[in-house]
Protein chains: 2
Amino acid sequence: MSVHERKQRERAARERLIVATARELAEQQGWDAVTTRRLAERIEYSQPVLYSHFRGKREIIGAVALEGAAEMAVALRAATSAADGPRERVAALARGYLHFAERNPAVYDALFQLDGGLAYAQEDTPEPLKDAFAALLECLGEVAGDGVHPGLFTEVFWASLHGIATLSRAGRLPPQDTEQRVELLVDRLAVL
Amino acid sequence: MSVHERKQRERAARERLIVATARELAEQQGWDAVTTRRLAERIEYSQPVLYSHFRGKREIIGAVALEGAAEMAVALRAATSAADGPRERVAALARGYLHFAERNPAVYDALFQLDGGLAYAQEDTPEPLKDAFAALLECLGEVAGDGVHPGLFTEVFWASLHGIATLSRAGRLPPQDTEQRVELLVDRLAVL
DNA sequence: CTTGATTGTCTAGCGATGCTAGGATCGAAT
DNA sequence: ATTCGATCCTAGCATCGCTAGACAATCAAG
């Protein structure tokens, strides 16, 4: 039976290779450049192999999104843990979030802009997504203010960060002044 | 020379028909369904006719976006003009914005999600886009608070609304509680 | 009025996309 | 050694955005 297990290991490794390659390609040349042909060529297999791992391109995007969500949760917790006091902690969270979005645009797109076929804000939402939101909640819950539901507050704060991240990257907002926007957001939204 | 003028009128009418049809199709079945073939069939011309009016699909999206920006500016001014006092005015603006995004998802996508080849936040930004931002600024400028640049404040408030609008529609936020999010945003961000 | 040129439109086709059917090949088990 | 099942690839489908070249209608000049 060990032969079978080895094959399963190799198969799992190939699946990771597909996801990693898709992500790499997307970060290098954008998601439009991630075609099934190019992806297949890079992993040195034929196209149909992709479809033996994933239902289609959507699921590949979804896999990148899950990977990214886990990394984002780590990044956010790392950013907040180094800060002193609620004010600085929230500011660090906001900067960390925007920094992550800026440094990993393809992953961010897979998470929040593209359709990866994932369920959000539901019971069957994948664990990494729930955990990324939890990382936000851990920091933001304590500054929601009296009478305001921590979850709702986190949603609003997150939405604001998301708006700044996407509008900035799409050229809808002037690229400078990011720090001032963060300051404004933190000082006004958070109850310290 | 009148013959020539008539032809120009007819040509302009056909261009409006293209934009209106693209928008209609996008609202009905989403932008993915707006293919050059389908669009050409609906206006009862062949594909190449589209390319005698627009450089490509991108420019058609851009045309829909400009049309939408003008409508959005009107909608926002209508919403704010009916409200009494700064607090209610800002809340009405926020509700009007989210309402517009919800009721015209395809137009909203053309404006802020898709690439319509338009310049944003620059000198050569088309007038309708500037005016839509101006409509926001007119209302939000007076609640920016002391020492905060009205333009910057408007950008942040707008980004927050944009985040709520996009995340809600993509199913990333629970669909209910919109009103509570608006209240929170207005009460915290605006200085009354 | 006839001719030639210009304008307008269409048919047909290019390269590329996501995805799939069917056959070939290879290894494990009898 | 032979069967059988899993694995993988070649080839192809329908569709996409976009364009070249043929054709017809229209206009200006002789």
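As the structure is a computational prediction, the values presented were derived from the model and not from experiment. The figures that follow rest on heavy atoms only: side chains count, while hydrogens, waters and symmetry mates do not. First the proteins, then the strands, lettered A, B, ... as listed; each starts at 1.
Only B/Arg14, listed by number, bring a heavy atom of residues 10-31 of chain B to less than 4.0 angstrom from any atom of DNA chain C.
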Might you work through the side chain to side chain contact (heavy atoms under 4.5 Å, CB included) test for A/Arg188 and B/Phe153, ending with a clear yes or no? CA-CA 11 Å; A/Arg188 293 280 171 88; B/Phe153 177 80; 3.3 Å; yes
Walk me through whether B/Arg77 and B/Asp131 qualify under side chain to side chain contact (heavy atoms under 4.5 Å, CB included). CA-CA 11 Å; B/Arg77 291 199 174 96; B/Asp131 188 53; 3.0 Å; yes
Step by step, would you call B/Glu155 with B/Leu137 a side chain to side chain contact (heavy atoms under 4.5 Å, CB included)? CA-CA 9 Å; B/Glu155 285 170 9; B/Leu137 188 65; over 6 Å; no
Applying side chain to side chain contact (heavy atoms under 4.5 Å, CB included), run through A/His162 and B/Thr166 and close with a yes or a no. CA-CA 9 Å; A/His162 176 70; B/Thr166 55; 3.6 Å; yes
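Atom CG of A/Leu185 and atom CG of B/Leu189 lie 6.5 Å apart (nearest 0.5 Å). The structure places CD1 of B/Ile61 at 14.0 Å from CZ of B/Arg23, a figure rounded to the nearest 0.5 Å.
In this structure, the CZ atom of A/Arg9 is 18 Å from the C1' atom of D/dT7, given to the nearest Å. Atoms CD (A/Glu59) and P (C/dG18) sit 15 Å apart, rounded to a whole Å. Distance CZ (A/Arg55) to C1' (C/dC19): 13 Å, rounded to an integer number of Å. B/Tyr45 places its OH atom 15 Å from the C1' atom of D/dA24, with the value rounded to the nearest Å. At whole-Å resolution of the value, CG in A/Leu50 and C1' in C/dG18 are 11 Å apart. Taking atom CG of residue A/Leu39 and atom C1' of nucleotide C/dT17, one finds them 14 Å apart after rounding to whole Å. The distance from atom CD of A/Gln8 to atom C1' of D/dA6 is 13 Å, rounded to the nearest whole Å. Between B/Lys57 atom NZ and D/dC18 atom C1' the separation is 12 Å, expressed in whole Å.
Between A/Thr36 and C/dG18 there is a side-chain N or O to OP1 or OP2 distance below 4.0 Å.
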With the criterion being N/O to N/O and under 3.5 Å, what pairs connect the protein with nucleotides 11-16 of chain C, and how long is each?
none

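Checking C/dT9, D/dC8, D/dG17 against the side-chain heavy atoms of B/Val49 singles out C/dT9 as nearest.
Using modelled atom types, no side-chain atom of B/Lys130 and backbone atom of B/Tyr120 make a donor-acceptor pair closer than 3.5 Å.
Ring planes of B/Phe112 and B/Tyr108: perpendicular class, angle over 60° (limits at 30 and 60°).
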Would you be so kind as to tabulate the donor-acceptor pairs closer than 3.5 Å made by side chains of residues 44-52 of chain B, with sequence neighbours excluded?
| residue | atom | partner | partner atom | Å |
| --- | --- | --- | --- | --- |
| B/Gln47 | OE1 | B/Arg37 | NH1 | 3.4 |
| B/Gln47 | NE2 | B/Thr36 | OG1 | 2.9 |
| B/Ser52 | OG | B/Val49 | O | 2.7 |

